[in-house]
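All remarks here apply to the structure that follows.
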Protein chains: 2
Amino acid sequence: MRSQDKEEMRRIGFFRGVDDPEQVDAMLRGAFLQRFPAHVELIQTGEPADFLHVIVDGTVEMFSGHRDRETTLGVSGPGDSFILAAVLFDRPYLQSARALTAARILMVPAEAVRQAFAADAGFARSVAESLALAYRGLIMELKNQKLRSGLERLANWLLAHDAANGSKGRFDLPFDKKVLAARLGMAPEVLSRSFAALVPYEVVVQGPSVVIRDPAVLRKLAQPCTTIDGATL
Amino acid sequence: MRSQDKEEMRRIGFFRGVDDPEQVDAMLRGAFLQRFPAHVELIQTGEPADFLHVIVDGTVEMFSGHRDRETTLGVSGPGDSFILAAVLFDRPYLQSARALTAARILMVPAEAVRQAFAADAGFARSVAESLALAYRGLIMELKNQKLRSGLERLANWLLAHDAANGSKGRFDLPFDKKVLAARLGMAPEVLSRSFAALVPYEVVVQGPSVVIRDPAVLRKLAQPCTTIDGATL
DNA sequence: GGCGCGACTTGATAATTATCAAGTCGGAGG
DNA sequence: CCTCCGACTTGATAATTATCAAGTCGCGCC
């Protein structure tokens, strides 16, 4: 890793909680900062967790398949990492990852992460906090999946995405509809029909462009709830 | 808490990773060891996380509702706790808990847990490991829910439960079928029909008694997979 | 011991979602 | 600039699941 890249990596959020800067250097010593084009698979389900991947730039889709089906478990961005739990226990990945856009990924050797975890209390706490946040997100997602219909999930996703982007009532979908469908747990055809079903609720879609003309009406259908949709921290 | 109870509580698995025994004493100082009868709701979704609950004896159902639906997110037993993530961040519970059997629950004040987390590196690591384990369990559960049909989930649950109980090919369901249905993400009527659908796969059910006459046949339908069903550690 | 309530099963129907097929359109690569 | 491939939409049908209703059975409480 180039000196100037190392300088930049020292400052990323992932290392912020580390007490001893020497631990950050130890983790960076064997690390790679890799640039990937879109569509590349970064890790695969079932593979041993040799690296912790930290997203510096770009968007990554976490997904997995079983038999002839595939689903998207989450979409991650800068500051997120994958997969801490697999690295901590030195167990195979339970998910695959694919770059949705061009991405820069810091790949930290798993052993170095475990050593820092064992040696640095601040880092251990930081890891615990990341895992707690991820855990809460998954509980919300599982509730979303089990307690709501596909249409409700879409409506709530639209409202949450709008809120996270300044509540302007209009935005472009950040990724393909195929990915959004998988993320919401439905087939692409069903997402298409769900968007059509939202027309009476003043939602206008043209390609990736979405306009929510009357959020209050959509909210009536969606019935958002902080324990499923809320910001976790 | 009685002296002898305190002695017993010092030794539970939850405190095993703590470096400084004084931290365990500090957590136990304001703690309660409470006995609850079956059916009692121990915590409710949306409530502030004032205590960390550790199950000493008994079985607890983690569940949540939305609008007029309810689902079971997990069933926990001795050694498990709830809910670490809420306590760490001092955020409301995202799940409710109900005793399925009579239970003894150690209730540790949340503030004391946070103080020990900040002060004791061994405890912080132990918390991180618990959260990592729980996280992996949830990923498997979300995959189970999104990638399999209800019948497949039941078949895999039966095989996993049998394997966890000595692979004798016969066992009694550990809780009501209503709870199992909710746990698997289906209505009780659908569970009933799913059991009936398993008759051609040599599964015999009488009340809570289940016999798996030919595990190989059931496995053919279930298609178990370590990244969805496997033991996590 | 009897009564009442909730778990469970079964039947019927509605709703939701998946799958298959066919066609359009846009973007990427040659 | 043209061609090809994949995303997306629309139509049709199958599969899965939810919901409602009604009846049975077992357990707990009085």
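Residue numbers begin at 1 in each chain, while the letters A, B, ... track the order of the sequences.
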Do A:R153 and A:E141 sit within salt-bridge range, that is, some charged N less than 4.0 Å from a carboxylate O? no

Measure CG/A:D176 against P/C:dC25 and give the value in whole Å, please. 18 Å

Between A:G185 and B:V179, the residue closer to the 5' end of DNA chain C by nearest nucleotide is B:V179

Using a cut-off of 6.0 Å, state whether more than 12 heavy atoms not belonging to B:F63 lie near its atom CZ. yes

Can you confirm whether B:R2 is buried at CZ, in the sense that more than 12 heavy atoms of other residues, nucleotides or ligands lie under 6.0 Å from that atom? no

Side chain B:K143, main chain B:T227, donor-acceptor under 3.5 Å: yes

Is the B:H53 ring parallel, tilted or perpendicular to the B:F51 ring (thresholds 30°, 60°)? perpendicular

Of all of residues 186-196 of chain A, which get a heavy atom below 4.0 angstrom from DNA chain D, listed by number? A:E189, A:S192, A:R193

Between P of D:dA7 and CG of A:D172, the distance in whole Å: 19 Å

Grab the CG-P distance between A:L221 and C:dT16 for me, whole Å please. 11 Å

Looking only at the side chains, is there a donor atom on one of A:S64 and A:T45 sitting less than 3.5 Å from an acceptor on the other? yes

Anything under 3.5 Å between a protein N or O and an N or O of nucleotides 27-29 of chain D, put it in a table, one pair a line.
none

Close side-chain approach of A:L151 to A:L221, heavy-atom, < 4.5 Å: yes

Side chains of residues 211-219 of chain A: which donor-acceptor pairs under 3.5 Å do they make with residues two or more places apart or in other chains?
| residue | atom | partner | partner atom | Å |
| --- | --- | --- | --- | --- |
| A:D214 | OD1 | A:A216 | N | 3.3 |
| A:D214 | OD1 | A:V217 | N | 3.4 |

Please report the distance, rounded to the nearest Å, between CD in A:Q206 and C1' in D:dC8. 15 Å

What is the distance from CD of B:E70 to P of C:dG6, rounded to the nearest Å? 14 Å

Between C1' of D:dT24 and NZ of B:K177, the distance in whole Å: 13 Å

Taking the side chain as C-beta and beyond, is there a heavy-atom pair between B:M62 and B:I83 under 4.5 Å? yes

Is the distance from OP1 or OP2 of D:dA7 to the nearest side-chain N or O of A:K178 less than 4.0 Å? yes

Five pairs per end, C1' atoms only: what is the angle between the end axes of the helix from C:dG1-D:dC30 to C:dG30-D:dC1, to 10 degrees? 50°

Nearest-Å distance for atom pair CZ/P, residues B:R67 and D:dA18: 16 Å

Within residues 143-162 of chain B: residues closer than 4.0 Å to DNA chain D (heavy atoms): B:S149, B:G150

Side-chain heavy-atom pair B:L94, B:L73 within 4.5 angstrom cut-off: no

Do B:Y135 and B:L131 come within less than 4.5 Å of each other through their side chains, counting heavy atoms only? no

Kindly check if the number of other-residue, nucleotide or ligand heavy atoms within 6.0 Å of NZ (A:K178) is above 12? no

Using whole Å, what does the distance between atom C1' of nucleotide D:dA7 and atom CG of A:L173 come to? 13 Å

Sidechain-backbone polar pair: B:N156 side chain, B:E152 backbone, donor-acceptor under 3.5 Å: yes

Just to verify, what does B:D80 make a side-chain contact (heavy atoms from CB on, under 4.5 Å) with, not counting sequence neighbours? B:I55, B:S76

